[in-house]
Amino acid sequence: MNRLLLCVVAVIALGAGCCQARPDIDFPFGRIVNGEATSIETHPWQVSIQTSAKGSHFCGGSLINQDTVVTAAHCMQSYAASEMQVRLGSTSRSSGGEVVSVKAFKYHEGYNSKLMVNDVAVIKLSSPVRETAKVRFVPLAGTTPSSGTPATVTGWGTTCFLVCSSPDNLMAVGVDILQKQDCASDSYSYGESILDTMVCAAGEKKDACQGDSGGPLVANGQLVGVVSWGNGCAWTGYPGVYADVAPLKDWIENTAAEL
């Protein structure tokens with residue numbers, strides 16, 4: 001079965017969008033598997049990016065200041081700003097918290113859907129939000145953590161590859177950072193699949209999955225990665241690949257100031 005058809009089948013079965021992926025990688029879904037239910041109080045920067053017409057979750061994001069969300073560029077390819085909303089401050093993706101409309105967004109000029117390089121975007125909210133116990137801003141990492149650094153990825157994505165439902169409760173899973181040079185496998189190679197604005201993270205049968213795209217990878221209290229792509233979900237030898245926040249930090253901050 002070809003990759004496009006696989007993605008279409010997954011969309012029909014799951015009722016949610018596929019995460020973007022490198023087209024040269026088999027079963028390419030950008031990517032919570034073997035995680036556990038958590039609460040928004042534990043990860044108060046997590047947001048759900050939704051369609052404004054139906055309130056349907058399609059990607060995750062991270063709140064970095066009172067009116068700015070960081071997500072993946074590939075999440076921003078199907079909707080106009082007026083067609084999106086952001087739910088924040090809720091453990092549930094379908095109710096509670098605060099829903100804010102989107103004023104504008106911009107994805108990285110160097111984003112390439114084939115190479116999945118520079119897979120980052122900034123969303124500007126239509127009105128500012130206040131920090132509370134359930135709403136907090138996460139600082140951007142200035143350096144990429146070393147391989148082996150513990151990190152956490154969160155989201156409302158599916159709990160297995162292909163035929164699994166998406167939970168309404170926020171999920172979290174612990175993984176370890178793998179810098180680019182340590183991310184090679186049978187399918188990934190440094191300098192070819194894994195490029196300069198990417199960082200990997202992996203755990204034993206643990207990963208992000210469909211619907212987690214754009215969400216946060218957090219280590220040492222900082223946003224170090226944005227869920228981007230991967231080969232399957234939690235497949236042995238295939239780490240999840242994330243947009244590396246550190247080399248993209250200046251672009252994120254400058255774009256947030258401009259929007």
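Quick caveat, the model's predicted, so the values are computed rather than measured.
Residues Gln222 and Pro139 meet the side-chain proximity criterion, which asks for heavy atoms closer than 4.5 Å. Residues Ile123 and Met76 are in side-chain contact: their nearest non-hydrogen atoms beyond the backbone lie under 4.5 Å apart. Considering only heavy atoms from C-beta on, Arg130 stays 4.5 Å or farther from Val135 through its side chain. Counting heavy atoms from C-beta on, the side chains of Gln66 and Glu131 never come closer than 4.5 Å. With a 4.5 Å cut-off on side-chain heavy atoms, Val86 and Val102 count as touching. Between Asp212 and Val153 the shortest side-chain heavy-atom distance does not fall below 4.5 Å. Tyr79 is listed as a side-chain neighbour of Thr51, based on a closest heavy-atom distance under 4.5 Å. Taking the side chain as every heavy atom from C-beta outward, Leu63 and Leu88 approach each other to under 4.5 Å.
More than 12 heavy atoms of other residues, nucleotides or ligands sit less than 6.0 Å from atom NZ of Lys180. For Asn169, the CG atom counts as densely surrounded, since its 6.0 Å shell holds more than 12 non-hydrogen atoms of other residues, nucleotides or ligands. Open room surrounds CG on Asn220; 12 or fewer heavy atoms of other groups in view lie less than 6.0 Å from it.
Residues Ser62 and Val47 come closest through the heavy atom pair N-CG2, 4.2 Å. Nearest heavy atoms, Gly148 versus Asp176: O-OD1, 4.0 Å. Contact detail for Gln50 and Phe58: the closest heavy-atom pair is C-CE2, 3.5 Å. Summarising the geometry of Tyr190 relative to Gln181, their closest heavy-atom pair is CE2-CG, 3.7 Å, with the distance given to 0.1 Å. For Pro247 against Thr197, the heavy-atom pair with the smallest separation is CG-CA, 4.4 Å. The minimum heavy-atom distance between Leu140 and Glu253, with the atom names listed, is CD1-CG, 3.9 Å.
For Glu41, the side-chain hydrogen bond (donor to acceptor under 3.5 Å, both in side chains) partners at least two apart in sequence or on another chain are Ser39.
Between Trp229 and Tyr188, the ring planes lie perpendicular to each other; the angle is over 60°, past the 30° to 60° tilted range.
Rounding to the nearest 0.5 Å places CG of Asp196 at 10.0 Å from OG1 of Thr144. Summarising the geometry, atom CG belonging to Leu248 is positioned 6.0 Å from atom CG belonging to Asn118; distances are rounded to the nearest 0.5 Å. From Cys183, atom SG reaches atom CD1 of Ile177 across 10.5 Å, with rounding to the nearest 0.5 Å. Atoms OH and CE, from Tyr111 and Met116 in turn, are 4.5 Å apart once rounded to the nearest 0.5 Å. Separating the OG1 atom in Thr154 from the CH2 atom in Trp45 is a distance of 8.0 Å, to the nearest 0.5 Å. Of the inter-residue distances, the one linking Ser48 atom OG with Ile40 atom CD1 reads 9.5 Å to the nearest 0.5 angstrom.
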Can you check side-chain contact (heavy atoms from CB on, under 4.5 Å) on Thr71 and Ile49, steps first, answer last? CA-CA 9 Å; Thr71 188; Ile49 303 172; 3.5 Å; yes
Report the C-alpha separation of Leu259 and Lys103 in whole Å, then their side-chain angles, then the decisive distance to 0.1 Å, and conclude whether the side-chain contact (heavy atoms from CB on, under 4.5 Å) test is met. CA-CA 9 Å; Leu259 285 179; Lys103 175 184 176 182; over 6 Å; no
What verdict does the side-chain contact (heavy atoms from CB on, under 4.5 Å) test give for Cys200 and Tyr242, after you've listed the backbone C-alpha separation in whole Å, the side-chain angles of each residue and the deciding distance to 0.1 Å? CA-CA 6 Å; Cys200 299; Tyr242 302 75; 5.7 Å; no
Let me see the working for Leu125 and Val69 under side-chain contact (heavy atoms from CB on, under 4.5 Å), right down to the final yes or no. CA-CA 8 Å; Leu125 302 179; Val69 168; 4.3 Å; yes
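Looking only at atom types and distance, the side chain of Asp182 has a donor-acceptor partner in the side chain of Ser147 under 3.5 Å away. In this model, a donor atom of one side chain and an acceptor atom of the other lie less than 3.5 Å apart for Thr38 and His43. Using modelled atom types and a 3.5 Å distance limit, the side chains of His74 and Ser213 yield a donor-acceptor pair. Between the side chains of Ser92 and Ser90, not a single donor N or O lies within less than 3.5 Å of an accepting N or O. Between the side chains of Gln85 and Ser101, no donor-acceptor pair is found at a separation under 3.5 Å.
Without hydrogens or angle criteria, Thr149 side chain to Ser146 main chain gives a donor-acceptor distance under 3.5 Å. For the pair Gln179 (side chain) and Pro145 (backbone), a donor-acceptor distance under 3.5 Å is present.
Partner of Val120 under the side chain to side chain contact (heavy atoms under 4.5 Å, CB included) criterion, chosen from Lys106, His108, Lys249: His108. Each of Val199, Val245, Ile252 was evaluated against Val226; a single residue qualifies, Val245, per the side chain to side chain contact (heavy atoms under 4.5 Å, CB included) test.
Evaluation of the disulfide (SG to SG under 2.5 Å) test over residues 72-115, restricted to residues two or more places apart or in two chains, returns Cys59-Cys75. Within the structure, salt bridge (Lys or Arg N to Asp or Glu O under 4.0 Å) pairs that include any residue of residues 67-91 comprise Asp67-Lys124 (at least two apart or interchain).
Outside the 6.0 Å centre-distance limit, the rings of Trp251 and Tyr107 are not counted as a close aromatic pair.
Both Val175 and Val224 are members of a single hydrophobic cluster when ILVMFWY side chains are connected at heavy-atom separations under 4.5 Å.
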